[in-house]
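What you see is a predicted model, and the numbers here were worked out from it, not measured in a lab. Chain letters run A, B, ... following the sequence lines, proteins first and then strands; every chain starts at 1.
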Protein chains: 2
Amino acid sequence: MPARSIKSPPTIKTPVVIDHSSPEIDRLRLVGMTRGYVGGQEVFGEGERANNVYSVISGAVRSFRVLADGRRQILDFYLPGDMFGVEIGPDHGAGAESVDDVVLLVARRLLVADDGDGAMTRRLLRLAKDDLRRSHDHVLTLGRRTACERVASFLNDLAARLERPRSLDLPMGRQDIADYLGLTIETVSRTFTRFQTIGLIQMHGRRTVELSRPNALSALCA
Amino acid sequence: MPARSIKSPPTIKTPVVIDHSSPEIDRLRLVGMTRGYVGGQEVFGEGERANNVYSVISGAVRSFRVLADGRRQILDFYLPGDMFGVEIGPDHGAGAESVDDVVLLVARRLLVADDGDGAMTRRLLRLAKDDLRRSHDHVLTLGRRTACERVASFLNDLAARLERPRSLDLPMGRQDIADYLGLTIETVSRTFTRFQTIGLIQMHGRRTVELSRPNALSALCA
DNA sequence: CGGGCGATTGAATTACATCAAATTTCGTGG
DNA sequence: CCACGAAATTTGATGTAATTCAATCGCCCG
């Protein structure tokens with residue numbers, strides 16, 4: 001995972017208070033500063049001390065682990081409204097980088113951990129369980145689905161998280177998708193073109209995917 | 001995922017109190033009844049209402065999800081001292097079955113959820129984060145490791161959880177290992193024999209693995 | 001209007017799956 | 001204690017989905 005040419009890092013610092021509406025029920029109030037990142041910047045490294053927690057205001061973040069020889073596995077993508085970087089132990093179990101241009105809310109870890117009553121802890125528990133559920137889905141996909149099914153699932157899930165727009169804007173490149181799905185960039189590319197040939201999707205440029213037949217796509221997920 | 005001949009289900013019910021020492025720091029006190037299972041019995045099904053939580057007293061439990069066409073992915077194995085089946089939502093996101101003969105502690109969900117102060121919630125948070133960490137390891141393994149590396153990781157991890165005995169007793173059969181590692185039973189079998197040929201391991205019967213060269217095995221995990 | 005990087009396409013290779021026996025293990029009953 | 005039989009595992013032959021290697025294409029930015 002290559003060094004990239006870094007544009008001027010637009011590191012704005014402004015005090016901010018944000019209400020994150022966790023799906024359905026809870027609201028998570030976080031107090032901190034915003035910070036801006038250009039694409040491909042490190043937010044924190046694997047094994048780094050976990051002093052802050054983060055919440056995506058705009059853009060997308062990837063969390064990942066790497067093997068000694070450089071093979072990379074993306075564990076999750078975080079989208080606007082998602083919180084990440086919360087740890088129980090002293091340091092981060094995975095690295096995190098901006099996928100594209102990103103603005104994050106950065107809060108001190110201590111401000112989150114302690115709040116007298118257990119309200120915050122309960123929210124964090126809910127959050128952790130959501131992450132676990134997604135990770136289990138991911139395990140199922142990597143362990144038992146074909147390349148074709150993986151890509152279909154990916155588009156499907158992304159569309160679901162973005163509230164099912166007919167057309168979605170991929171924040172990440174093909175390599176990121178490959179590293180998330182446990183495939184190579186070539187296989188991902190081929191699968192996209194096959195989907196397009198079959199009429200499942202329609203690409204406009206390389207980042208915009210129009211889901212022509214969303215039901216057929218879901219059906220492909222097996 | 002065959003129906004199995006069920007021996008007389010030794011369903012003993014005895015009131016029990018158990019202290020689970022969570023690694024290092026916390027202790028989790030659970031009050032409930034014990035229940036016995038023979039190999040291959042359902043503890044709960046995917047989508048079933050989550051009325052109880054469970055803790056392994058002896059034996060091993062597998063949690064899993066299945067695709068519509070029957071492909072199965074094992075998400076985790078639970079060993080003595082492990083707690084499982086805790087949910088935030090109303091029902092279980094995965095099925096759970098006994099791997100071999102098992103005794104579980106079964107506690108009512110309500111007894112766990114509420115305890116005035118947030119002590120229990122904090123323990124559950126720690127537990128969820130542990131599960132998440134393991135699931136992330138699993139994603140890395142399924143997404144980016146070869147069959148050989150997967151089997152090595154599996155033996156390695158199992159040995160670590162069993163406090164690194166020189167010789168370990170596999171509670172699960174080859175099919176379970178395959179369904180955990182996203183492989184076929186044949187590939188798992190071939191890999192075991194190759195490891196044995198190379199002198200990495202020595203099998204005694206089909207369940208006992210002697211780790212002849214544990215360091216070489218760890219090195220194989222990449 | 002180039003130029004460069006990301007993406008696509010093609011050909012050859014391979015790791016793992018599939019299909020099909022043969023063999024071993026281990027519980028059971030004699 | 002030993003023989004039997006079903007089930008689990010191993011082994012072998014073959015097939016194939018996905019990877020690897022190698023150009024080429026085309027989108028997007030300056």
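Here A:F44 and A:Y54 bring their ring centres to under 6.0 angstrom of each other.
Contacts of B:D169 classified as side-chain hydrogen bond (donor to acceptor under 3.5 Å, both in side chains), with partners at least two apart in sequence or in another chain: B:T208. Residues satisfying the side-chain hydrogen bond (donor to acceptor under 3.5 Å, both in side chains) criterion with B:S218, sequence neighbours excluded, are B:N156. Scored by the side chain to side chain contact (heavy atoms under 4.5 Å, CB included) test, B:H136 finds A:L75, A:S135, B:L132 as partners (sequence neighbours excluded). Annotation: side chain to side chain contact (heavy atoms under 4.5 Å, CB included) contacts of B:A152 (sequence neighbours excluded): B:F195, B:L217, B:L220, B:C221.
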Every protein N/O within reach of nucleotides 24-27 of chain D N/O, cut-off under 3.5 Å:
none

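By the 30° and 60° cut-offs, the orientation of the rings of A:F154 relative to A:Y180 is tilted. Taking the six-membered ring for Trp and thresholds of 30 and 60 degrees, B:Y78 and B:F84 have nearly parallel ring planes, at less than 30 degrees apart.
Sorted by first then second residue, the salt bridge (charged side-chain N to carboxylate O under 4.0 Å, His left out) pairs that include residues 190-216 of chain A, not counting sequence neighbours, number zero. Applying the salt bridge (charged side-chain N to carboxylate O under 4.0 Å, His left out) test to pairs two or more places apart or on separate chains, those with a residue in residues 38-51 of chain A are A:E46-A:R65. Under the salt bridge (charged side-chain N to carboxylate O under 4.0 Å, His left out) criterion, the residue pairs touching residues 154-165 of chain A are A:D76-A:R161, A:D82-A:R161, with sequence neighbours excluded. A salt bridge (charged side-chain N to carboxylate O under 4.0 Å, His left out) check over residues 139-154 of chain B, counting only residues at least two apart or in different chains, returns the pairs A:R71-B:E149, A:D179-B:R144.
Across all their heavy atoms, A:A216 and A:L200 have their closest contact at CB-CD2, 3.4 Å.
For DNA chain D, the residues of residues 145-156 of chain A within the heavy-atom distance limit of 4.0 Å (strictly under) are A:T146, A:A147, sorted by number.
For the helix from C:dC1-D:dG30 to C:dG30-D:dC1, the end axes, each set by the C1' atoms of five terminal pairs, are bent relative to each other by 50° (nearest 10°).
Protein atom NE2 of B:H204 is 17 Å distant from nucleotide atom P of C:dT24, rounded to whole Å. Put simply, CD1 on B:I185 is 17 Å from P on C:dC16, counting in whole angstrom units. Taking atom CG of residue B:D100 and atom C1' of nucleotide D:dA8, one finds them 15 Å apart after rounding to whole Å. In this entry the distance linking CE of B:M203 with P of D:dA8 reads 16 Å, nearest Å. Across the protein-nucleic acid pair, A:L170 atom CG and D:dC28 atom P stand 12 Å apart, rounded to whole Å.
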Going 5' to 3' through nucleotides 17-23 of chain C, assign each nucleotide B (protein heavy atom under 4.0 Å from a base atom), S (under 4.0 Å only from sugar-phosphate atoms) or - (no protein heavy atom that close).
-> SBB----
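Between A:R207 and B:S189, the residue anchored closer to the 5' end of DNA chain D is B:S189, taking for each the nucleotide with the nearest heavy atom.
Between A:E87 and the choices B:R133, B:R126, B:K129, the salt bridge (Lys or Arg N to Asp or Glu O under 4.0 Å) rule is met once, by B:R133.
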